[in-house]
Amino acid sequence: MKQPNSIVLFIAMILISACNKEEPKFSASQIQDALFEMKGIYYGDMRVSYYHGDRISEGEECKVASRDSLIINMDLKPMASTISDEYIASRLLEIGMVQVNAGYEFIQMDDAMYSFILLPKDVLVPGGYGAPAPVRIAFAQSFGGDAFYHDGNHIMFNLSPVELWIGGEKFEHFKQLVYHYEGSTDK
């Protein structure tokens, strides 16, 4: 009697594992079409807020580019204004602007809009050897946005720095921020 139960259990495990295989939601051609539709330079405003809390900046002009990935020019002044350590704040002000590259993971597509999660790469500003300490900014991989392409091209998204590293050491007093962008372009 124990052997049939083992066989049933084995078959159930095979069926469950077959159901857990994640197949891509969209084909390569659908993704390529979406990237083509979103391609362009977007002009708009970037606002910065604490993840849970007050707004830090009201909206600075910001330009982003959508190609095979999203390229964002991120101003570090709002981040520097949240840091009480004078050396770290001045280092961020000295750097000024960094370029963030973020891949797209599409979660919904229809005839007017794409919804996506952004997968930003960490930003590394080199330093050392007599220069100021290197800086690394790590980002959440769970924020995203929407692109509207049916009646003009518009994009909005959130980008969230979660960690700040100075000279190889994590800055423990860093509070998570959210950079919110809205912009448009004419193709």
Side-chain angles (χ1 to χ4, degrees), residues 30-51 53-83 88-127 132 134-165 174-187:
Q30 287 174 307
I31 292 170
Q32 187 175 15
D33 289 346
L35 292 172
F36 178 77
E37 288 289 340
M38 293 170 58
K39 189 174 272 191
I41 305 292
Y42 292 80
Y43 300 89
D45 293 327
M46 181 80 77
R47 291 190 314 264
V48 182
S49 303
Y50 285 107
Y51 178 61
D54 298 328
R55 184 173 289 169
I56 297 165
S57 74
E58 287 301 315
E60 302 293 322
E61 285 187 27
C62 182
K63 178 174 73 170
V64 301
S66 180
R67 306 226 186 313
D68 291 341
S69 62
L70 191 64
I71 302 165
I72 305 125
N73 292 320
M74 189 175 95
D75 189 355
L76 297 184
K77 281 186 277 185
M79 185 184 295
S81 73
T82 68
I83 295 175
I88 295 173
S90 67
R91 178 74 173 114
L92 295 177
L93 288 171
E94 175 186 296
I95 295 166
M97 191 81 68
V98 293
Q99 184 172 302
V100 180
N101 293 312
Y104 294 109
E105 179 183 328
F106 292 99
I107 54 177
Q108 181 180 345
M109 296 182 180
D110 61 35
D111 60 351
M113 172 181 115
Y114 300 118
S115 295
F116 52 85
I117 294 172
L118 285 178
L119 304 171
K121 294 180 182 176
D122 289 0
V123 169
L124 179 61
V125 179
V135 173
R136 183 169 66 90
I137 302 168
F139 295 89
Q141 302 290 304
S142 56
F143 285 77
D146 298 307
F148 305 90
Y149 64 92
H150 182 62
D151 188 25
N153 284 6
H154 307 281
I155 194 168
M156 89 176 158
F157 61 85
N158 291 321
L159 182 69
S160 184
V162 293
E163 293 179 356
L164 177 63
W165 294 73
F174 181 73
K175 293 181 183 174
Q176 183 175 1
L177 301 175
V178 176
Y179 282 68
H180 175 76
Y181 179 81
E182 293 183 34
S184 61
T185 185
D186 294 325
K187 275 187 159 180

Review point. So how far is it from Asn158 CG to Tyr179 OH, rounded to the nearest 0.5 Å?
Key: 12.5 Å

Practice item. Kindly indicate whether the side chain of Asp75, heavy atoms from C-beta on, has any atom under 4.5 Å from the side chain of Met46. Key: no

Check your understanding: Is the shortest heavy-atom distance from the side chain of Val64 to the side chain of Tyr181 under 4.5 Å?
Key -> yes

Exercise for review: Quick one: closest heavy-atom pair of Pro120 and Gln141, and the distance?
Suggested key: O-NE2, 2.9 Å

Check your understanding: Say you draw a straight line from CD of Glu105 to OG of Ser115; how long is it, rounded to the nearest 0.5 Å?
Key -> 12.0 Å

Practice item. Check Ala102 against Ser69 and note the closest heavy-atom contact, atom names and distance. Key: O-CB, 3.2 Å

Review point. Of the non-hydrogen atoms in Ala147 and Phe116, which two are nearest, and what is the gap between them?
Key: N-CE2, 3.8 Å

Review point. Distance from Glu37 atom CD to Ser66 atom OG, nearest 0.5 Å?
Key: 11.0 Å

Practice item. Check step by step if side chain to side chain contact (heavy atoms under 4.5 Å, CB included) holds for Met79 and Leu177. Key: CA-CA 8 Å; Met79 185 184 295; Leu177 301 175; 3.8 Å; yes

Review point. For Gln176, does the CD atom have more than 12 heavy-atom neighbours from other residues, nucleotides or ligands under 6.0 Å away?
Key: yes

Study note, to complete from the structure: Closest non-hydrogen atoms of Leu70 and Tyr104, given as atom of the first, atom of the second and distance, are CD1-OH, 3.2 Å

Study note, to complete from the structure: Distance col, row Asn153:CG vs Lys39:NZ, nearest 0.5 angstrom, shows 12.5 Å

Revision key, fill the gap. Nearest heavy-atom contact between Ala112 and Asp110 is N-OD1, 2.9 Å

Review point. Given Met109 and Ile31, is the side chain to side chain contact (heavy atoms under 4.5 Å, CB included) satisfied, shown in steps?
Key: CA-CA 9 Å; Met109 296 182 180; Ile31 292 170; 4.2 Å; yes

Point to revise | Trace of the side chain to side chain contact (heavy atoms under 4.5 Å, CB included) decision for Ile88 with Leu164 | key: CA-CA 10 Å; Ile88 295 173; Leu164 177 63; 3.9 Å; yes

Practice item. Using the side-chain contact (heavy atoms from CB on, under 4.5 Å) rule, pick out the option among Leu118, Val100, Leu119 that qualifies with Phe139. Key: Val100

**Study point:** Nearest-0.5 Å distance, NZ of residue Lys77 to OG1 of residue Thr82
**Key:** 14.5 Å

Revision key, fill the gap. In short, Tyr42 meets Gly183 closest at the heavy-atom pair CD2-O, 3.9 Å

Study note, to complete from the structure: In this structure, CD of Gln99 is separated from NZ of Lys121 (nearest 0.5 Å) by 10.5 Å

Practice item. Step through the shown structure and confirm whether more than 12 heavy atoms of other residues, nucleotides or ligands are within 6.0 Å of CD on Glu61. Key: no

**Study point:** Worked check of side chain to side chain contact (heavy atoms under 4.5 Å, CB included) between Met74 and Leu159
**Key:** CA-CA 10 Å; Met74 189 175 95; Leu159 182 69; 4.0 Å; yes

**Study point:** Pairwise side-chain contact, Ile137 with Leu76, heavy-atom cut-off 4.5 Å (strictly under)
**Key:** yes

Point to revise | Side chain Glu182, main chain Ile155, donor-acceptor under 3.5 Å | key: no

Review point. Can you say whether the rings of Tyr114 and Tyr149 are parallel (under 30°), tilted (30 to 60°) or perpendicular (over 60°)?
Key: parallel

Point to revise | Backbone N/O of Ile41 and side chain of Thr185: donor-acceptor pair under 3.5 Å | key: yes

Exercise for review: Applying side chain to side chain donor-acceptor pair (under 3.5 Å), name anything that partners Arg136, two or more places apart in sequence or on another chain.
Suggested key: Asp122

